[in-house]
Amino acid sequence: MQGMVEVRVEQEKKTTCFLVGEQSKTSQEETAPLELLGLVHTLGFEEVGFINVHIREVNPAYGLGTGKAQEIADKAKAVNADCIIFDWEISPTKQRNWESLTGKSVLDRNEVIIRIFAQRASTKEATLQVNLARLQYSLPRLSHFYTDLARQRGGAFGAKGSGETQLELDRRRIEDKIVQIKKELEQVENIRKTQRKQRERTAQASCALVGYTNAGKSSLLNALTGANVFVENKLFATLDPTTRKLALSEASFILLTDTVGFISNLPHTLIKAFRSTLEEAAYADLLLVVIDANDEENLMQYEQVQKVLQEIGADNIEQQVVLNKIDLVCNDPVRMTLLDSRFPNAIKVSANTLFGFEELLDIIKDKLLGIERTFIVPMEQSSLVELVRKNGTIQSEEWLEDGIHLKARLHGTIENNVASSRTLSLLMPYLVQMEVL
């Protein structure tokens, strides 16, 4: 019985890790690399120590000086860490050198992120994308997973020499698997394109929630639409895009999509693998860039989101910055002033308390459905009402003695008494109050 308990305790024991971060150029304060710390906690690892280093010397063996490398090895050994994790990408050769030096498993930031994605993937598409990224990452690192590279398999007469190493066989197997997954992903992507075309035929306005991971996008989607998307206070809680209808009035709604969270230095294999998922943002009419108001690094995170949007070709779509979790900082005037200076045109909301939702919905209506205008249409021009119903959104409609009173939202602008759309031009004579531009 005691032996079984010991086995269970060993199985439940968390993997311990020693973190290696990059020393800040602006601060000499010795603090753990916070984002990497969040990643390893999300992965289920336990941090038992850390060190921040200046990456100055380009050493072909370790990427750091041999003295600093030995110091890291000694500190990891002193805290009895199971593995060492670097906060930047390290080459396969350096990874092998570090493992030879330390006698421990060595991971970099990219591998940690890929492992998290592998844990979180649930749908077929996400699983395929993660497997593709994992295989592409592991292909040049096969020797990282083997200790004996000299195993041979005999070859048939006329085949390749006296045989192939196990490493070469596994490399070929992985390359074949990559080709197979890419074909399956093409099929999934074609289905997604078909679904996208169907949505385009309905001419339904769409809006995408984008932002740094753990900014509260899924919570915002749930609060706005009543959806039941999985929410957890961890990085990459959701991977698959989720689209729900958002009612803006009794007569109108839009499609609101929650996308995978962004992160700094996202592995290129994941950017490529998740391109079809991220491209949901590229096809939206409006992007709500969700920012965690309570995160001190929110400006850096906003800049990283803009970088990823540029990479997927979505940087030219109209945006609205949304400061989420404002309830956590609203009583701190210093932080509120800082937020106003960083994001002067942002909408402040809380998915937890629903604060700011009315203003947010008004902004969405104005940007996607058009500005609300009031018209009094003569009875003999009642056919215009159906035109508005077809090309816009009627907020209210009253048939009175002096005409049909309409409050409606129509796409287009009015400048110098000239409307930019045909419907708006036909209704111009019946506009109650000319817009002042």
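Hydrogens, waters and symmetry mates are skipped; everything else that's a heavy atom, side chains included, is used.
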Using the test salt bridge (Lys or Arg N to Asp or Glu O under 4.0 Å), find all partners of [X] that sit at least two apart in sequence or belong to another chain.
{"X": "E386", "value": "R389"}
{"X": "E318", "value": "K367"}
{"X": "K177", "value": "none"}
{"X": "K365", "value": "none"}

Is the closest side-chain donor-acceptor distance between [X] and [Y] under 3.5 Å?
{"X": "D82", "Y": "T16", "answer": "yes"}
{"X": "R244", "Y": "N222", "answer": "no"}
{"X": "D327", "Y": "T353", "answer": "no"}
{"X": "E184", "Y": "Q180", "answer": "yes"}

Who are the side-chain hydrogen bond (donor to acceptor under 3.5 Å, both in side chains) partners of [X], not counting sequence neighbours?
{"X": "D295", "value": "Q301"}
{"X": "E297", "value": "none"}
{"X": "K75", "value": "E71"}

Could you tell me which residues satisfy ring-ring contact (aromatic ring centres under 6.0 Å, His included) with [X], sequence neighbours excluded, listed by chain and number?
{"X": "F343", "result": "Y302"}
{"X": "F50", "result": "none"}
{"X": "W88", "result": "F86"}
{"X": "Y430", "result": "none"}

Give a yes or no on whether a salt bridge exists between [X] and [Y], defined as a side-chain N under 4.0 angstrom from a carboxylate O.
{"X": "D176", "Y": "R173", "answer": "no"}
{"X": "R115", "Y": "E111", "answer": "yes"}
{"X": "E35", "Y": "R109", "answer": "yes"}

request  = Kindly indicate whether the side chain of V210, heavy atoms from C-beta on, has any atom under 4.5 Å from the side chain of L288.
outcome  =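 Counting from C-beta outward, V210 and L288 never come under 4.5 Å.
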ask   = Heavy-atom distance under 4.5 Å between the side chains of V40 and L19, does that happen here?
value =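 With C-beta onward as the side chain, the pair touches.
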query = Y62 ring centre to K94 NZ or CZ under 6.0 Å, with the angle to the axis within 45°?
reply =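 Verdict for Y62: no cation-pi partner in K94.
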query = Say you draw a straight line from CZ of F355 to CD1 of I347; how long is it, rounded to the nearest 0.5 Å?
reply =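 Nearest 0.5 Å value for the CZ-CD1 distance: 10.0 Å.
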CG-OG distance between L323 and S350, expressed to the nearest 0.5 angstrom =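 Output value for this atom pair is 12.0 Å.
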ask   = Do any pairs count as a salt bridge (Lys or Arg N to Asp or Glu O under 4.0 Å) and have a residue in residues 338-361, sequence neighbours left out, and if so which ones?
value =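 Salt bridge (Lys or Arg N to Asp or Glu O under 4.0 Å) check on residues 338-361 returns D340-K348.
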